[in-house]
Amino acid sequence: MTAQEIVDNAGQLPPPPKVMTELLTLFARPDVDARRIADTVAAELALSLRTLQVANSPFYGLSKRVTSVHEAITILGFRAVRMLVLAVGSAQLMQLPPALRSSMGALLHHSTRCAMLARLLAESVDSPAEEAFTAGILHDVGKVVIAQTPSSDPAAAGINWIGRSDVALERTVFGTDHAEVGRALLTRWNFPDSLCMAVGQHHQRPEALSRLCAIVALADHLSHTALDPVDTDALAALAPWITRALGDHPLPDVARVNAALTDADALAHVLEHDN
């Protein structure tokens with residue numbers, strides 16, 4: 001099957017995320033007004049409620065509860081709430097059916113790590129950080145579809161496609177992989193082309209990747225790389241992705257990378273238990 005055929009025949013997909021595509025369009029505007037963002041989020045009840053639940057969680061450590069998205073922006077700041085809305089909205093798009101729900105924690109854990117690292121890498125080269133964050137958190141959304149796709153291939157028996165990232169095996173079993181399926185899914189949902197491409201190409205070689213694609217691919221690799229102590233051989237192997245993503249800029253130091261991973265783990269914990 002092609003990636004498009006798998007998406008077309010998927011049984012339990014979330015509804016088209018109209019509010020997310022609207023928010024992504026607003027976030028891309030340099031003159032966007034914080035009140036416009038708050039009004040858009042507040043108009044979508046489920047997104048608004050979950051945003052406030054996470055804002056009031058220990059992750060942010062507020063001294064008082066916030067009761068509206070407008071208040072959250074005032075207290076946390078526009079940039080923090082923008083990231084929060086993107087994280088909550090993206091997590092809603094990765095919902096698994098009850099039979100696969102036990103894998104949700106692992107999916108959110110890795111996706112949030114990739115998102116935080118992608119944002120850090122983008123900031124280091126003055127690229128749009130929220131776009132990188134969104135691409136990072138959604139990079140494995142195709143696994144949600146792959147995991148629900150039946151196959152008669154004996155090689156597929158008993159495999160947890162959410163926890164495993166074996167694109168070669170996916171191609172053998174399904175004729176495509178989770179990256180291409182994710183791209184087809186985001187295209188169906190009318191997400192920006194740049195995000196669709198970053199999700200669809202994060203397992204490709206770095207030579208032909210755009211900067212955003214390379215940032216997401218590098219973030220994905222770094223999330224699996226030992227940094228304490230540093231695995232120097234693994235980092236050396238990532239040199240082509242580092243060059244493509246960062247150009248002449250150095251890789252952020254280990255302390256900043258570890259801080260991003262710590263924040264990612266805390267956010268993933270909140271998102272998982274808020275579902």
Side-chain angles (χ1 to χ4, degrees), residues 14 17 20 23-24 27 47 50-61 72 76 79-96 100-124 127-144 147 160-165 178-179 182 185-186 191 195 198-199 202-203 212-213 215-228 245 252 254-275:
M20 276 291 287
L23 286 168
L24 288 169
F27 288 150
L47 179 61
R50 295 195 64 223
T51 298
L52 291 175
Q53 287 173 345
V54 177
N56 286 308
S57 73
F59 178 73
Y60 286 101
L76 294 174
R79 185 172 182 271
V81 172
R82 183 162 54 178
M83 185 200 76
L84 169 57
V85 169
L86 290 173
V88 169
S90 298
Q92 288 181 319
L93 303 181
M94 296 189 290
Q95 291 299 309
L96 294 167
L100 298 171
R101 195 62 54 82
S102 63
S103 299
M104 190 65 186
L107 178 62
L108 283 174
H109 178 82
H110 172 64
S111 298
T112 309
R113 280 186 154 220
C114 186
M116 287 292 198
L117 290 174
R119 186 177 73 158
L120 176 63
L121 295 171
E123 288 173 339
S124 70
S127 286
E130 278 70 30
E131 182 181 43
F133 180 90
T134 308
I137 205 167
L138 289 174
H139 78 290
D140 276 346
V141 69
K143 289 185 176 183
V144 173
N160 178 357
W161 296 107
I162 297 293
R164 183 169 182 161
S165 193
H178 69 272
L185 181 60
L186 294 190
F191 271 53
L195 288 180
V199 168
H202 73 271
H203 281 295
L212 176 61
C213 295
I215 283 173
V216 174
L218 177 57
D220 187 29
H221 284 299
L222 283 176
S223 69
H224 295 295
T225 302
L227 296 172
D228 190 16
V254 172
R256 293 178 67 201
V257 171
N258 281 335
L261 292 176
T262 298
D263 285 345
D265 292 346
L267 180 58
H269 179 78
V270 173
L271 291 173
E272 179 186 1
H273 291 281
D274 187 42
N275 279 303

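The shown structure was predicted, so the numbers you read here are calculated from the model rather than taken from an experiment.
The shortest distance between side-chain heavy atoms of H139 and H110 falls below 4.5 Å. A heavy-atom distance below 4.5 Å is not found between the side chains of H269 and H109. Considering only heavy atoms from C-beta on, L107 comes within 4.5 Å of V144 through its side chain. You'll find the side chain of V141 stays beyond 4.5 Å of the side chain of F191, heavy atoms only. The closest side-chain heavy-atom distance from L47 to L23 is below 4.5 Å. Looking only at side-chain heavy atoms (C-beta outward), F27 and T134 stay at 4.5 Å or farther from each other. Counting heavy atoms from C-beta on, the side chains of V216 and V199 never come closer than 4.5 Å. Using a 4.5 Å cut-off on side-chain heavy atoms (C-beta onward), L261 and M116 make no contact.
In this structure, CD1 on I162 lies 6.0 Å from OG on S103, to the nearest 0.5 angstrom. Here CG of L121 is found 6.0 Å from CG of L222. Values are rounded to the nearest 0.5 Å. A distance of 7.5 Å separates CG of L138 from CG of L195, quoted to the nearest 0.5 Å. Taking CG of L52 as the reference point, atom CG of L84 lies at 8.5 Å (rounded to 0.5 Å). Note that OG1 of T112 and CG of D265 are 8.5 Å apart. Values are rounded to the nearest 0.5 Å. Interatomic distance, CE of M104 versus OG of S111, reported as 8.0 Å (0.5 Å rounding).
Taking all atoms of both residues into account, the shortest heavy-atom contact from A245 to L218 is CB-CD2, 3.9 Å. Nearest approach of A55 to L76, heavy atoms of both residues: CB-CD1, 4.2 Å. Contact record, V85 with T51: CG2-CG2, 4.1 Å, taken as the closest heavy-atom pair. Heavy atoms only, all atoms of each residue included: S223 and L117 are closest at N-CD1, 3.7 Å. The minimum heavy-atom distance linking L108 with A268 is given by the pair O-CB, 3.8 Å. Closest of all the heavy-atom pairs between A122 and A132 is CB-CB, 3.6 Å.
Partners of D140 according to the salt bridge (charged side-chain N to carboxylate O under 4.0 Å, His left out) rule, which considers only residues two or more places apart in sequence or in another chain, are K143. For R119, there are no salt bridge (charged side-chain N to carboxylate O under 4.0 Å, His left out) partners at least two apart in sequence or on another chain. Partners of H203 under the ring-ring contact (aromatic ring centres under 6.0 Å, His included) rule, at least two apart in sequence or in another chain, are H178.
Side-chain atoms of S57 come within 3.5 Å of backbone atoms of V54 as a donor-acceptor pair (strictly under, hydrogens ignored).
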